[in-house]
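Okay, so here's the structure we're looking at.
Each ligand, and each atom within it, is numbered from 1 in the order the structure gives.
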Amino acid sequence: MPDAPILSVSEACVRFGGVDALVEVDFTIETGTVTALIGPNGAGKTTLLGAVTGMVPMHRGRVVLAGRDVTAMAPHARALAGVVRTFQNLEVFANMTVLENVMTGRHALVRYGIFDGILRTPRFRAGERACREAALDRLDFVGLADKKDLLAGELPYGSQRLLEMARAVAAEPKLLLLDEPAAGLNTRETQALAALIARVRDELGITVGLVEHDMDLVMGISDAVTVLSFGAVLASGTPRRIQENPDVVAAYLGD
Ligand SMILES: Nc1ncnc2c1ncn2[C@@H]1O[C@H](COP(=O)(O)OP(=O)(O)OP(=O)(O)O)[C@@H](O)[C@H]1O
Ligand SMILES: [Mg+2]
């Protein structure tokens, strides 16, 4: 029997002023998949990621993560429950080192109080050591281990994108949501990113939700695709079925 879905959004509605950004959206991500969310500009893809992580309030609807209803939970609680996202606009901390950037992702998991930090208790020091080792491991995973002591702002753009991924997986999410991770990457970098996303799923066992405009990337690595248009779901299915769907073709070509 297949696992229950890692994510199940039902009847999500989001309104910004007079604009209906999401209208009765149902969206499911099966455990262990890469599931893409595609659609024209302004379709509501980023808004849906925000509704899942709790950063965008829904006026109706339900979000169930790994079998748990998280609809009423704040963003940090949802992160602890297992969902982490990256942003459409690159957000690394330019003045921190590469390693420190990844450690900030890890700190979401660490359980010691401010007094442990001030007093540098054995628990604090052991925690920091473990945090550093895990961060190094994630840097190695994305191929940036030898850049660990550089300032993040000194990395080329493509490497900053990889750093963002390392930071996100350092939080050990069950579900990782990526908002246009290939934006601004060249063809070679995009191919490397595709391989890395597949390894996140296969080697780390993290389910991936992927918002992306690069259709070669989407169709090449996704197990399932959902199409949004004007805030509503237009179609869901395998990459092949989606590519053959006349409604989807029309939405993209502006028929
Ligand atoms: N904070 C906001 N305030 C007002 N309107 C917003 C806000 N965020 C998004 N919108 C509107 O909601 C709709 C959906 O936007 P959203 O950013 O989710 O689209 P998208 O599918 O991610 O587009 P893109 O592919 O360009 O990133 C758009 O009409 C947008 O203008
Ligand atoms: Mg967007």
With the criterion set at N/O pairs under 3.5 Å, what does the list of contacts between the protein and ligand 1 look like, atom names and distances included?
from: ligand 1; atom 1: 18 (O); to: T47; atom 2: N; distance (Å): 2.9
from: ligand 1; atom 1: 18 (O); to: T47; atom 2: OG1; distance (Å): 2.5
from: ligand 1; atom 1: 19 (O); to: G44; atom 2: N; distance (Å): 3.3
from: ligand 1; atom 1: 21 (O); to: A43; atom 2: N; distance (Å): 3.2
from: ligand 1; atom 1: 21 (O); to: G44; atom 2: N; distance (Å): 2.9
from: ligand 1; atom 1: 21 (O); to: K45; atom 2: N; distance (Å): 2.9
from: ligand 1; atom 1: 21 (O); to: K45; atom 2: NZ; distance (Å): 2.7
from: ligand 1; atom 1: 22 (O); to: T46; atom 2: N; distance (Å): 3.0
from: ligand 1; atom 1: 22 (O); to: T46; atom 2: OG1; distance (Å): 2.9
from: ligand 1; atom 1: 23 (O); to: G42; atom 2: N; distance (Å): 2.8
from: ligand 1; atom 1: 25 (O); to: N41; atom 2: ND2; distance (Å): 3.2
from: ligand 1; atom 1: 25 (O); to: K45; atom 2: NZ; distance (Å): 2.7
from: ligand 1; atom 1: 25 (O); to: H213; atom 2: NE2; distance (Å): 2.9
from: ligand 1; atom 1: 26 (O); to: N41; atom 2: ND2; distance (Å): 2.9
from: ligand 1; atom 1: 27 (O); to: Q88; atom 2: OE1; distance (Å): 3.3
from: ligand 1; atom 1: 27 (O); to: Q88; atom 2: NE2; distance (Å): 2.8

Contact check: T47 to the Mg ion (ligand 2), N/O/S below 2.8 Å: no
For R78, the option from V84, V52, L175, V70 that meets side-chain contact (heavy atoms from CB on, under 4.5 Å): V70
From E133, E128, E172, residue fulfilling salt bridge (Lys or Arg N to Asp or Glu O under 4.0 Å) relative to R106: E172
More than 12 heavy atoms from other groups under 6.0 Å of CZ on R199: yes
In one Ile/Leu/Val/Met/Phe/Trp/Tyr side-chain cluster, 4.5 Å: L210, I6: no
Short side-chain donor-acceptor distance under 3.5 Å, T46 and Q88: yes
Sub-4.5 Å side-chain heavy-atom contact between V225 and P239: yes
D20 vs F230 side-chain heavy atoms within contact, under 4.5 Å: no
Backbone or side-chain N/O/S of T46 under 2.8 Å of the Mg ion (ligand 2): yes
